[in-house]
Structure formats: structure tokens, C-alpha cells
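Reviewing the structure listed below.
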Amino acid sequence: MRNVYLDHAATTAVHPKVLESMLPYLQDKLGNPSSIYSSGREAKAAVETARAQVAALINAQPDEIIFTSGGTEADNLALTGVATALSQQGRHIITSRIEHHAVLHTAEELERKGFQVTYLPVDPDGLINPDLLEQALTPETIMVSIIFANNEIGTIEPIDRLAKIAKKHGVIFHTDAVQAVGNIPIDVEELNIDLLSLSGHKIYGPKGIGALYVRRGMNIKPLMQGGSQERKLRPGTENVPGIVGLGKAAELARIELPARSAHLTELRDYLIDGVLSSIAHVRLNGHRTLRLPGNANFSFEFIEGESLLLSLDMAGIAASSGSACTSGSLDPSHVLMAIGLSHEVAHGSLRLTLGRENNKEDVDYVLSVLPDIVGRLRAMSPLTPAKEA
Amino acid sequence: MRNVYLDHAATTAVHPKVLESMLPYLQDKLGNPSSIYSSGREAKAAVETARAQVAALINAQPDEIIFTSGGTEADNLALTGVATALSQQGRHIITSRIEHHAVLHTAEELERKGFQVTYLPVDPDGLINPDLLEQALTPETIMVSIIFANNEIGTIEPIDRLAKIAKKHGVIFHTDAVQAVGNIPIDVEELNIDLLSLSGHKIYGPKGIGALYVRRGMNIKPLMQGGSQERKLRPGTENVPGIVGLGKAAELARIELPARSAHLTELRDYLIDGVLSSIAHVRLNGHRTLRLPGNANFSFEFIEGESLLLSLDMAGIAASSGSACTSGSLDPSHVLMAIGLSHEVAHGSLRLTLGRENNKEDVDYVLSVLPDIVGRLRAMSPLTPAKEA
Amino acid sequence: MYTEKVMDHFMHPRNVGEIDNPDGVGQVGNPVCGDIMKMSLRIKDDRIEDIKFKTFGCGAAIATSSMVTELVKGKTVAEALALNNRMVAEALGGLPCKKMHCSNLAADALHAAIADYKEKQVQASR
Amino acid sequence: MYTEKVMDHFMHPRNVGEIDNPDGVGQVGNPVCGDIMKMSLRIKDDRIEDIKFKTFGCGAAIATSSMVTELVKGKTVAEALALNNRMVAEALGGLPCKKMHCSNLAADALHAAIADYKEKQVQASR
Ligand SMILES: Cc1ncc(COP(=O)(O)O)c(C=O)c1O
Ligand SMILES: Cc1ncc(COP(=O)(O)O)c(C=O)c1O
């Protein structure tokens, strides 16, 4: 049986060159970057090289990159760190209804701590209307945090316009770019971004490492206390192999971005067209063109996502769903609800996310098995209209 | 030139078997443990195996282990998580003056948030007197956090007695066992420990991964918000290779503990005796016998630690010092001050920490170069009495 | 995640479909929660002669539906009423914790179908 | 961390020691901060004929002390007074940021020694 991995938004395989860059630091190079002897200094130099590589990917300065344990920590540090630092200036934060839980739940936690949070709605394609941001700003607003590109439906937000509005009002702008980085070009200078979260394992780097870009001069408090690593913003012995791997992954992403993006966009469009033309009662979630190169997200009416995933797994295909059943919560994805799907339709969603190793044959294989799987489940479903079953 | 690494308390080299266990998860095994398809389930199973391995090392149950990004995060989660959860019951915390910064600075941060913190003193050997803990407890006390074995001077605290006192008063007991785990036997049941921090890279595991043991039924709040990984106590995509590596390191530590400990104790005593007998005006910091098997910490009068480290580095020896100059702060180590050293003597401290790869020849090499290095620096020092120079 | 038995019933569900002119029909669950189960029965001499299901839901929902139909086919109505959701999960070799409550509704659907059958009998006897 | 020049002066410090019956002696720093520098001078015809140092401190402290002695040997007292800590750091090819303030005291020690010399002269001429 063919094995096709189509869950690159969940995690990507470590690039062989990334692993190669990490191995020395997992083998004989064992210094602690805070130590002054040779191997410690070597480790420090490797960390600084990686910092420059990550900075280059988003056109930041090396000293604006703070390494964290992943995207979640970067998001938590951004929101909590800025809110804590600026709480004297105001206690209002603006974000959106389609943020990743790392931002959404942190915003909710800040609400419990006495901050006010506005959650901007999105249109049926998942786009935020910049006018709504303009209207939501108050003299109390200290920060805006908007996801760069959504992890479920792939919609790319108008970050340039949103960040410009924040800048005009002197408000800090953070973006969770965990899914966007490496897939679409990002220039924090041109876009007026003050803080940006990214994660290693989404860009063919290792798990357990990420980074927060923090514009120079920003006022931000650490999330944790301890040693004085990472300019006192992130204590703990540096994860040297992880950092080196993230640096290498960022470098590869920078060099290969145009090619990767073109490759994925082509496959994605082929997949979307194939599914929409071969299966009835299906809808594409997210914007048709303003979407991540590798993201396709469908809702198949009358069937439920987990049973779809299980069936695909039996056929060797790894995918993801916004169904409540897969998350263990009782509600389907908040993102799918925010774009206006009914519960049933949200439960029947399927996310297929392509990556650099995928090819046309993979998509052909999916297109060859998906219609039967959907048909089989629909035949079992009490929701399927008699004439379709 | 011989290269001798004697800074195992700062970080250890990844054990070859640990690296071997991680490699599949850095190469082709790429599932996200939260996904339901096969590779996701495989990753999940690997994470659960590691959880059981870590639990076995300290006689805990697997579901009592929460993976974190390292020792620092484990300490922050323990203190802040419990303080936040129990703030209605009381706002007094007891810790010691010789904690690692990850505990000490977190305690200070909690003070800024309105908690009261008592910092227990230590005797000249670095030992905490359990009677002082008994006296410090108030009806407001919610938590006691005491380092299991100190990272600088190696002194092992009377954790059994301290934890028993906490238990008697119904107070949560946390211990930062980052340096102790894997080096001395720890049984959380027998010792009545409620929370325990450990870190991968101190036990021949990878950097960027650690764990907090949380006794079943404990009331604790997460430090970060996001996904529902790690029983909602620690969000973020799991660092699968890191977790697998930590699990393997824990397993090896459990199996090899008696042998490692015997080997290190023998080398340590040989090193301590050798230094004390060949160099004058030297003091051993920390308790002579109640100390970590691999730890030796000396103060050489009249000279300063960083210049000592630099000289040792030129001779191929990697070590550490409590000197202010190496830490970038103006004060020498708070631990050395807490055991009553004067500033000069604290500045002249040298920590040599042995590990599994060290042998008697390494110690002999150190003993062959150290007297000359100390002598040379003393000859340059204005503090050296004329008759010694 | 799922036992082999669950996967077997998911991939090869028994008694899928709807009975024409059934003696009883029951539906439980709702689309908001992500699980809907519909059972239809043919009953003869107080015995379940035939039973079919249709289910919208996850793997556990489909497997429990299938298992219920197998467990009660040929059984008396009283025996069928004695079946509960826990027993269905056990017959499948267990379900993951988080599936025990949300997707394990098949016995409820069966009971609803039996209630429908009894109601119809009462009405017919009037 | 340190430049080659710093390491050279650290490993091969110039003019270590104390001058017997010096014309001026200066000491700055204190043990609490971890750096003490002591300079002793022999001065002839307003020129620094000899200079020696002793230092308790880190690599930067030792290297700056050594560099100062090299820079001012043979220079006039006025020239020596014109030397400041920044110039010493530059002569060494730079110092790490965090060392610029704590360990770069050698010019201060030199100036203290010159001050001592001038004081002694005034006293002698009375
Ligand atoms: C948009 C977005 N933000 C944040 C995260 C969290 O990243 P991590 O799992 O590396 O902590 C993810 C991935 O899960 C994501 O897709
Ligand atoms: C006693 C102690 N606690 C906590 C830590 C922090 O661990 P990590 O650097 O893995 O975050 C260390 C090591 O630096 C330590 O020695």
C-alpha cells in the first residue's frame, strides 16, 4: 500500500540537511553556550549563527530573535509578555476568532487577569476585514495579535494592512506566523510587524524549538524566571541541537521558498480541482487563492471527520480534521464555526496539507481512494438524502 | 594536548544509546502524537514509553510525569503553577537561599505578585536544618521548595526529613532534583515528594527537554495556554525525539546508577584529596561526604575564578566557577555567599564536575597542571602574601 | 487507539441500512455533538428478527452501532432492553476513555427503537 | 570571547611584579567586585622608567593591566595621564561588552600610582 503523508500543517519531517547540522551537537560537541571554555564558546557561536539564519528568513536582525521551546511558547511569551509589560498603559487587546489555541487560550487567560479582549470575526473565506480592526481600536488598546495564515483553512490574512493600522495608532502588532513562515515570503520591516512567532517542526526543522521575533526596543517581560539566557527573556540551558537545526531549516526555507511554494501551489490546486470535480456535496473551506500553498480543507456533507480519517489511515493516507471527535473536545473547530459552517458540516471536515516530499502521484492516489471512502461512509449515514445514498 | 571535560553539572554529552533511540524520530517517524493515523499513534506510543521510563527512575506512575522544555520550565511550572492554584488557601512559600535561579527568581517573581517567601539559610556545608523549616511554617504556607542537591557545591539536602515535615503540616513539597536525578537514588513515594523537576541534558539525554513529576490529585495550573497536550498542563506539539531521548536516558540512568555513582565517587574523592594535598590555601566548598558523586568545588585563595578557567581551558580542561566575572553579574554566586564565603574567596572558586566518560587519567592530568596554574596566578596577584608568592 | 474488534466493526460494519416498514425506529444524538444513530427493527413473537443501523459519527460510533445489532439479533425484547452502553463497549474489547460518553449511544438508539415499537403496539391495540 | 591580543597578554603578561622602593604606587578596585589592580612606578626625569603590576581578577583584568604597562613604559608622566581605559581596550583589539566596565580599570590604577608619585614629590619638596 502507498503511504502518503498529508498532515504537514501538524508536523513536518526533519530535512536530512537539518539533521546533519544537528548531529555534531548531539554527539561530541557538548558545550553549554554560557560556559567560557572552548566547547562552550563553540556552542555559543553555533547558536548565534542559527540566530542570524532565522533572522534572515524574515528580514530581522539577529538580536531580535529569542529562541523558545516552540510556537506555543512564542505565542504565550508574546501575548503575556507584552500585556504584563504594558498593563499600565492600557488593558485592551485585539485578536481574532480564528487564532490557534496558543493565542486564543492565552487571550482568554489574560481576560481572567483583568484584560479586555476583542475577538475580530472573519468572513466566510476566513478573512479579517481591516476596517473592523480600525473600529475596534480604543485608547486602551496595547496590542493586536492576528494569525498570519490559518493552520486549518489556510487563509492568509491581510497582515500588511492590519499591521499598518496598528502602527498608525501606536499599538504593538504580533502575528502567529507558525504556518506562514517558510511557505510565503515574510519581511517584518516591510510589514511593520513588532512580534512574530515561528516553530521549527513546521518548516522541516526539529520539534521542541521555536522563536519569537521581538523588534528592538520593545518592552516585554519574560514568561519564566531563571538564568539570564536569551537576553533574560527566556531562561534555561539553550537547546543547542534544536537551535542549530532551526537555523538550518530557516536557511533552507529562505533559499528554497520560491521553489517550494510553486511546487505546493501546483499540487494543491490539482488536489482541490480533483476533489471538487469527483465528489458531490463538498465544499472548500478557506479562501480559494489567498491560501497557504500546501493547504486544502474540505467539508464532506453527511459524514463525520474522524471516520473519514480512520478510513484514509487504512488506505495509508495521514490527514487531519476539524471534527470534535479527533480533538477530544465536544465542539468542532472554532475556526470552522467562525467561517459560518453548521455543526454537521464542520464535523465532516478534512484537512490535507502538502509538503516538499509530496508529488503528483500522491495526489492521484488520494483522488483514487477518496470518492469510495466518502461514498461508503455516506451510505452508512442517516443524514444522507435517500437519492444520494 | 589532553582534553578533559569536567563540567558535567552544566551539561552532559548525549549517550550514544540515547541518540540511537532518538534518530528514528528525527528521520522518518514524523507523526504528531495528537494525530489519529498510524504514525501519530506510533509517536504517541513512543511518548508513553518514555513517560514510563522517566517515572520508573523516581518510582512514580507514568501519568504523574509532565514533559517540559527543561529544568527551568519544570521549576517555573511547579512554583507558579501551585502558587496560582492554591493562592486562595494561603500566600506563603518556603524555599532556600541556595536554590538554582530557576527557583529563586521564580520565588522573587511570586513575591512581586503578592506572595510571601521565606528563604531558609544553610550551614557552612550548605545543609538546611530541618528545624528551621519546622519553625518557618505558618498556617498560610502552601508550598515548600528545596533543591535536592546543589548544582554548585554538590551538597545533598536532607530531603526525607524536610518533606516529612511538609507532609505533617499538609504543605506541598517540591524539589529541584535536576542535579540529583540519575546520580543518587530517588524514590518519590518513600520520600513524600509531591513535585520534582528534572532535566534531560544533565543525565546524558538531550537538551531542551525536561519533566515535572506531579503527584496524582495535585492542584496545579499550567504556565502556558494552548493545545491540550500533557493533560492540559503543558501545551505545544510534543518534542517527540527529545521525549524519547529523555526516556532512554532515564532508563539507562536507572540501570547504571549504582555503577555510575560508585565510579564517580571514587574519582571525586581522588580528585579532592589530590587538590587538597598538593595546593595550599585551598578550601573544599560543600559537605565532605553528603555531596553529589561527581562534584568537587574548591576556593583557591588570592586568585579569581575566570582567570583560573581561562588558564585551564588553555590546558584543555573545561570547568566552571562561581565567580561573578563568568556570569556577567556583579555578585559572585549566591550559593557561595550563603555558605559564608567572603567575596574574595567566592571569586576564587572552581567547580569540577565529573561524568561517566572521565577516568583516573583525567584526574591525574588535572592534578598535574592545576598547581602550576594556581601558582602562576597567585604570583600575579596583589592579594597573595609575600611569603607565598 | 481502537481495539482490533472496534476496527473490524468499523471497516466491516454488520447490518448497515434501513428496514422497510419497520416495527420500530429510534434515533439518538444530534449533529451538533457529531454523532447520530438510527436503528430500525423487525420484531416477531417478541423477538428481534432483524435490525439495521445508520450512523453519522466517528469510528467508535459506527462500531458500537454495528456491535449492538449483532448482540441483539434474535434476542427477546426484554433481553435487548437489558443491554446497556457499557456492555457494548465491553463486547468491543473497550473504548478509549474520551469515547465512552460521546459516541457510545448505540444501546440508547436500540432502546429508542424498542420504545417506538411498544408505542406502536399500544396504538394498534386501541 | 577574547581577542588574540587579550589572550596573549593574559597568558604572557608583561611587567608582572612590584618595584622595590617605587616612586609611586596605586591600587584600585576591591575584592567584593572581583578585581584589584596594583601598579608601581619608577620615574626619572618625568618619564616612566619602569612599571610593574599585580592583579587579582579575570582574564580582561590581567590583560588590561599588562597592556597599560606596555603602553606607558618610557612615556612622560603627562602622556601617561592622557591614557584612559577605553584606549587600553582598543589597544587590545576590543573587550567583550560586559567586561568594559568591570575589569577595565588598569588606566585608573596607573593614574592612582601617578597621583601617589606627585603627592610624594610635593611632600619631598616641602
Ligand atoms: C498557527 C499555529 N500557532 C501555533 C502553533 C503551536 O506550535 P507548537 O506546536 O510548535 O508549539 C501551531 C501548531 O500547532 C500553529 O499551527
Ligand atoms: C539545580 C538546577 N535546577 C535547574 C536547572 C535548569 O535546567 P535547564 O537548564 O535544563 O533549564 C539547572 C541547570 O542549569 C540546575 O542545575
Side-chain angles (χ1 to χ4, degrees), chain A residues 1 281 299-334 336-337 340-350 369 372-389, chain C residues 1-20 22 25-40 52-69 95-106 109 112-113:
Chain A
M1 189 176 61
H281 299 285
S299 279
F300 298 92
E301 283 187 66
F302 321 132
I303 63 180
E304 191 275 335
E306 195 225 59
S307 54
L308 195 51
L309 292 190
L310 275 180
S311 306
L312 286 166
D313 184 36
M314 305 297 284
I317 299 167
S320 154
S321 165
S323 157
C325 285
T326 62
S327 68
S329 85
L330 279 178
D331 291 313
S333 145
H334 63 283
L336 299 178
M337 300 310 284
L341 299 198
S342 70
H343 275 77
E344 296 98 295
V345 177
H347 281 303
S349 79
L350 176 71
V369 301
D372 283 355
I373 288 173
V374 170
R376 178 179 167 278
L377 291 171
R378 281 183 176 168
M380 267 195 253
S381 172
L383 300 181
T384 312
K387 63 175 165 42
E388 308 286 344
Chain C
M1 182 170 71
Y2 288 133
T3 63
E4 262 178 49
K5 217 154 186 176
V6 171
M7 286 309 292
D8 176 39
H9 276 267
F10 170 66
M11 290 306 285
H12 312 287
R14 285 51 146 178
N15 310 304
V16 177
E18 289 191 70
I19 293 175
D20 292 335
V25 176
Q27 179 167 325
V28 297
N30 74 62
V32 173
C33 299
D35 285 300
I36 304 178
M37 295 179 192
K38 188 174 176 182
M39 296 268 169
S40 50
K52 287 203 184 315
F53 81 90
K54 281 210 164 181
T55 290
F56 165 87
C58 64
I62 290 171
T64 51
S65 306
S66 165
M67 177 51 93
V68 159
T69 62
L95 283 178
C97 290
K98 64 178 184 184
K99 296 292 184 184
M100 282 304 279
H101 301 293
C102 64
S103 308
N104 190 2
L105 302 167

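Labels below follow one simple rule: chain letters A, B, ... track the order of the sequence lines, proteins then strands, and each chain is numbered from 1. Note: hydrogens, waters and symmetry copies are ignored here, and every other heavy atom, side chains too, is used.
Here the CD1 atom belonging to A:I303 is positioned 13.5 Å from the OG1 atom belonging to C:T55, to the nearest 0.5 angstrom. Distance OG/A:S307 to CZ/C:F56: 8.0 Å, rounded to 0.5 Å. Taking CD1 of C:I36 as the start and CD of A:E304 as the end, the distance is 10.5 Å to the nearest 0.5 Å.
Neither the backbone nor the side chain of A:S342 comes within less than 4.5 Å of any heavy atom in chain C. With a 4.5 angstrom heavy-atom cutoff, C:M7 touches chain A only via side-chain atoms. When heavy atoms are compared at a cutoff of 4.5 Å, A:M380 approaches chain C by way of both its backbone and its side chain.
C:P13 has its side chain within reach of A:R376: a pair of non-hydrogen atoms, C-beta onward, lies under 4.5 Å apart.
Here the shortest heavy-atom pairing between C:K54 and A:A379 reads CE-O, 3.3 Å.
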